[in-house]
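Structure, as structure tokens:
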Amino acid sequence: MIREKETTLYLGPQHPGITGNMMVKLKVQGDTVVKATTHVGYLHRAFEKLIEQRNWLNAFTLLCRFCVPEPDPMELTYARAVEELDNREVPERAQYIRVIVMELARLQSFMLWYAGQAGSAGLYTLGQWSVGDRNYILDLFEELTGGRIYHMYIWPGGVRRDVTDTWKDKVLKTMDYLEKRQDDYNQLMFDNTIFQKRAKGVGIVPKDKAIEWGVVGPPLRGVGIKSDVRIDEPYEVYDKLDFEVPTAEGGDIWARALVRKEEFRQSISIIRQAIEKMPKGDYYNKVPNPMKWVVPEGQAWAKTESVRGEIGFYVVSNGTNKPYRVHAKGAAYTHGVTVLEKILPGQNIADISFIMNSLGVCPPEIER
Amino acid sequence: MEDLGLKIFGAILTTILGFTVGMTYGGIVRKLTARVQNRYGPPFYQNFLDLLKLQVKKTNIAHGFMGHMAPVWIIIAAVTVLLFIPILNGNLWFPNMSFHGDLIFLLYMMVFGSLGMALGAGQSGNPNSAIGVSRGLSQMVGFEIPFVLSLVALMIQYETTSVQELTQIQHETGVWNAISNPFAFLAALFASLGMFRYSPFDIVGAPAELASGPVSEFGGKYLGTMMSGGAIFAFIKLTLYVHLFLGGAGNPDNTGIIATLLGLGVLLIKTFTLYMVPVFYGWINPRYRTEQAIQYFWRWPTALGIIGVIWAVYS
Amino acid sequence: MTELIKEQHLLDSLTSAFKIKGRVIRDRRVEVFADKKMVSGILLFAKKQLGFIHLAHMTCIDWIDENKFELIYTIWSPIEKIHLFVKTKIERENPEMENIDSIWDQANTYEREIREMFGIQFPGLIGEQDFALEDWDEMPPMRKDFDTKKYALETYYQRPGREDAKDVRETISERSGTKVPDFAKKYSREK
Amino acid sequence: MINDKDSQKIVDYIQNFARKQSLFVMAYGTGCGAIEIPATMTSRYDAERFGIRGAATPRQADVLLITGYLATKTLKRVIRVYEQMQEPKYVIGFGSCTINGGMYFDSYNTINALEQYIPVDVYINGCMPRPESVISGFVKLQELIQQGKADNGKKYRENLEWYRTNQKKIIKNWKMPDYNW
């Protein structure tokens with residue numbers, strides 16, 4: 001057999017197929033990847049260092065920029081960690097509002113995923129549809145929080161503004177619309193034989209290694225392990241809501257896509273339930289003057305389920321008006337480095353971007 | 001000498017027509033694609049603006065001799081092939097350099113452009129280009145087989161290797177080859193999906209995988225020239241298909257101005273309809289991997305091509 | 001505390017096996033304080049015997065007043081649904097810590113980051129020296145004694161107008177020649 | 001003929017018109033602003049109406065969109081991409097972080113003013129700028145091009161010394177990854 005020459009292929013940082021600003025250095029033999037090394041740091045902004053310079057509430061402006069496609073889980077996780085340190089109660093209404101915001105954030109992220117997953121396979125029509133429809137969710141956010149992408153809406157002790165009844169109606173209308181549209185997306189994506197051929201059996205995460213490698217979220221559910229922070233360690237009012245955590249077998253791109261497809265449905269259902277069950281009352285347990293607000297000494301760890309998997313914040317206070325240390329661990333931290341490096345060898349070059357989208361690799365979350 | 005003058009004039013006219021139609025079709029496809037994607041879309045003449053911009057862009061890169069030659073090679077190949085394609089059947093204004101055996105000649109010449117691209121891209125040194133070229137050649141191996149089979153079927157059926165004659169036969173009998181040998185036509189139609197490089201066969205310049213594939217290192221005038229070449233090639237393929245399978249266009253008995261315009265209208269309608277086949281297919285399909293694309297062509301299209309040949313032999 | 005039986009049981013089994021201190025923080029949260037040398041043993045024991053198979057995260061805190069680095073390993077048991085924090089403090093001078101990427105492959109990434117950001121060495125760690133930074137020759141930046149603002153001011157060009165951190169409203173009013181409205185004044189930073 | 005002033009004007013007009021109507025944007029999401037680019041390109045805002053479309057490689061691109069903060073590691077690549085682009089080329093600074101550092105003004109790893117390192121034609125402020133403002137920034141750039149005022153590449157060439165000095169202050173090692181092709 002003729003041994004083909006090994007070529008080094010730099011996928012990124014400037015490459016349309018890469019999911020953000022990062023680089024995967026590939027050793028390639030023909031069309032097959034032999035070795036993959038992830039290089040990150042192109043987006044390193046020293047968030048954790050900067051948060052140490054800000055006071056407790058100023059940190060929120062930085063936090064939501066941790067991972068751009070999905071800023072809200074970051075805010076919620078940090079807020080929950082601070083609440084734990086400060087022993088601050090959150091009114092029940094605020095908890096419901098938080099759940100709605102979280103699920104809306106999930107939905108808009110799912111729509112980006114639809115676009116990325118289809119776009120990396122060359123199905124541009126779906127990407128255009130779903131990113132276009134995503135604007136309807138961003139409109140809802142805009143009305144509620146004032147921001148399209150970054151909201152800074154969830155604060156320790158509740159949320160910043162109350163929701164109105166008209167907003168709730170709009171949410172319900174949007175949910176009806178999205179439910180209809182999702183059928184279109186699914187028809188274009190899941191019913192397509194070419195997509196099935198591309199997705200099945202590609203980018204397999206082995207079941208026995210999944211937890212060891214730090215796989216979380218949909219990729220972990222894609223290997224058949226039912227793991228979701230919302231049921232493992234219920235936060236806010238998720239234990240009062242009725243939803244299912246879908247799983248699929250196989251661990252390939254197809255399984256992960258199936259999981260996400262079903263989660264999209266569940267998110268819509270959760271939002272409907274939360275709007276229905278939301279009680280009247282206070283929405284904000286006001287914190288004192290943010291310039292002088294001192295959080296008691298201690299350490300807290302909070303984690304939240306985002307679209308890509310669990311997000312955890314380790315917050316340390318030394319009893320001053322600034323955080324002493326904040327460490328964030330996003331799902332992409334392991335997906336983008338360890339998992340990607342482990343599963344890429346043996347894959348076709350054509351599938352790399354496909355796999356990265358399926359794992360939900362989000363570079364700003366890795367290097368922060 | 002008069003004849004030669006007319007021929008040169010016809011050649012220029014043909015080139016202008018091919019270029020304009022090819023570019024406009026591209027623009028219309030962009031617009032239609034945008035409409036399908038819920039967008040307003042660029043104006044239909046956007047491709048001309050792009051081309052003009054590329055041509056006035058400064059270019060100060062050198063990738064060796066073949067890097068300079070590749071676009072020239074492509075456009076030469078495109079114009080040359082165009083001159084051997086009958087635009088309107090037997091029309092004096094669009095004389096083609098038809099000769100016996102030009103179908104086989106065309107088969108070779110149509111690869112010529114891709115070859116130029118391959119050599120140029122190879123010299124640019126970008127690995128994306130190299131991979132793109134190897135993919136393009138593999139894909140060509142895929143779709144050439146059903147395409148050649150369908151042509152062979154036609155050649156056997158009418159015992160000629162001249163495009164002109166094939167058109168003339170269809171004109172005389174009034175039966176399109178698409179009807180007299182449907183299997184060959186279907187095989188050729190499937191091959192055309194690969195030829196036009198829309199999804200699912202856009203594996204050559206797949207953006208998410210290879211940046212822009214073979215043309216990664218070409219910008220400005222080089223890219224503009226390649227774009228014009230590509231537009232002419234699109235027109236060539238469409239016209240060839242129309243003349244081989246869909247009865248051609250134009251009436252050799254009447255070459256007056258009105259009849260010529262009418263013939264051009266028929267040609268445009270037929271080519272545009274044919275062009276919509278790969279475009280429609282592309283809107284709803286993601287991209288194949290290289291080996292899957294080859295498998296695709298080597299199954300049904302090839303089988304249809306073989307059936308077409310058998311049909312031609314025994315009919 | 002009747003409802004924390006599970007957590008207490010876990011703590012007991014760890015303390016009895018290793019003779020270490022620890023406490024139950026709240027439900028689903030248990031922390032143990034271990035010596036530097038015992039950490040990998042505890043982690044391996046927790047992974048193999050107690051079902052803590054998931055390394056949720058790993059981080060480092062710079063306690064500059066104590067002159068110590070604190071390393072925190074957070075591990076999670078999907079069956080018991082408990083977080084276990086294994087905490088250890090190491091000296092700030094020539095910090096060195098045991099490499100645990102043989103226990104969890106993904107620890108490699110965390111350790112590379114900590115090596116870069118805090119300067120803690122992990123003998124036997126595979127991977128390039130640079131993780132997020134490139135050609136960094138200053139002090140490891142996440143250490144508390146590294147002043148990021150000073151460094152930024154010295155290194156990068158600062159656009160004029162930013163240095164005084166003045167209230168935006170006043171700057172705008174000065175520039176446009178209009179007065180700051182009364183309702184906006186109460187938010188002013190000058191007060 | 002071609003040296004004639006009036007005919008040169010006409011040629012310039014046509015050239016500028018073509019340049020302005022066909023802007024190929026470098027597909028390089030350097031920062032978090034990249035999240036609004038899909039929104040700008042898709043149905044509600046549809047930047048393709050203005051002839052704006054993505055280009056996959058620097059050789060084919062006209063516009064370099066710096067979407068937000070630039071880490072020093074990215075700056076090195078951005079400069080390389082910028083230098084690979086063919087003239088006429090334009091740079092749009094997108095988001096507050098490119099103007100004065102934005103909220104990362106005291107970060108040790110992000111630059112604060114983009115025009116110190118590469119010339120910038122248009123800044124779009126905001127964090128993050130809405131798709132409308134992105135499009136308005138592009139329209140502003142189109143106006144500049146039509147007036148012939150956008151000569152980014154020329155500016156860079158003429159002041160190369162100054163830009164290089166600034167770049168070298170930050171980028172300590174100019175060695176690029178070695179390629180074996």
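The sequence lines fix the lettering, A, B, ..., with proteins before strands; numbering per chain opens at 1.
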Value rounded to 0.5 Å, distance of [atom1] in [X] from [atom2] in [Y]:
X	Y	atom1	atom2	result
D:Tyr45	A:Asn135	OH	CG	5.0 Å
D:Ile35	A:Leu138	CD1	CG	9.0 Å
A:Arg148	D:Glu36	CZ	CD	4.0 Å

Chain A contact via [X] - which portion, at a heavy-atom distance below 4.5 Å:
X	result
D:Ser107	both
D:Met41	backbone
D:Cys127	both
D:Ala34	neither
D:Tyr69	side chain

Most chain A-contacting option - heavy-atom pairs closer than 4.5 Å, from D:Thr74, D:Val81, D:Leu75 =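 Winner by heavy-atom pair count: D:Thr74.
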
Has [X] got more than 12 heavy atoms of other residues, nucleotides or ligands less than 6.0 Å from its [atom1]?
X	atom1	value
D:Glu161	CD	no
A:Asn55	CG	yes
D:Tyr13	OH	no

Part of A:Leu43 lying under 4.5 Å from any heavy atom of chain D =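 Answer is both: backbone and side chain atoms of A:Leu43 are under 4.5 Å from chain D.
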
Which bit of A:Tyr136 is near chain D, if near means a heavy-atom gap under 4.5 Å: side chain, backbone, both or neither?
->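 Contact with chain D is through both the backbone and side chain of A:Tyr136.
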
Regarding D:Tyr108 and A:His44, is there a side-chain donor-to-acceptor distance under 3.5 Å anywhere?
->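 Per modelled atom types, D:Tyr108 and A:His44 side chains form a pair under 3.5 Å.
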
Taking every heavy-atom pair that is under 4.5 Å apart, which of A:Arg54, A:Arg134, A:Lys49 has the most such pairs with chain D?
->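 Greatest number of close heavy-atom pairs with chain D: A:Arg54.
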
Can you see which heavy atom on A:Arg45 is nearest to which on D:Thr110, and at what distance?
->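 That would be CG-CG2, 3.9 Å.
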
May I have the step-by-step check of side-chain contact (heavy atoms from CB on, under 4.5 Å) for D:Met103 and A:Leu50, ending in yes or no?
-> CA-CA 9 Å; D:Met103 64 181 60; A:Leu50 294 186; over 6 Å; no

Charged N-O contact under 4.0 Å between D:Lys73 and A:Glu367 |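 Between A:Glu367 and D:Lys73 there is no salt bridge, as every charged N stays at least 4.0 Å from the carboxylate O atoms.
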
Salt bridge D:Arg44-A:Asp139, side-chain N to carboxylate O under 4.0 Å =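 Salt bridge present between D:Arg44 and A:Asp139.
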
Do D:Thr42 side-chain atoms and A:Gln128 backbone N/O form a donor-acceptor pair below 3.5 Å?
->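 No.
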
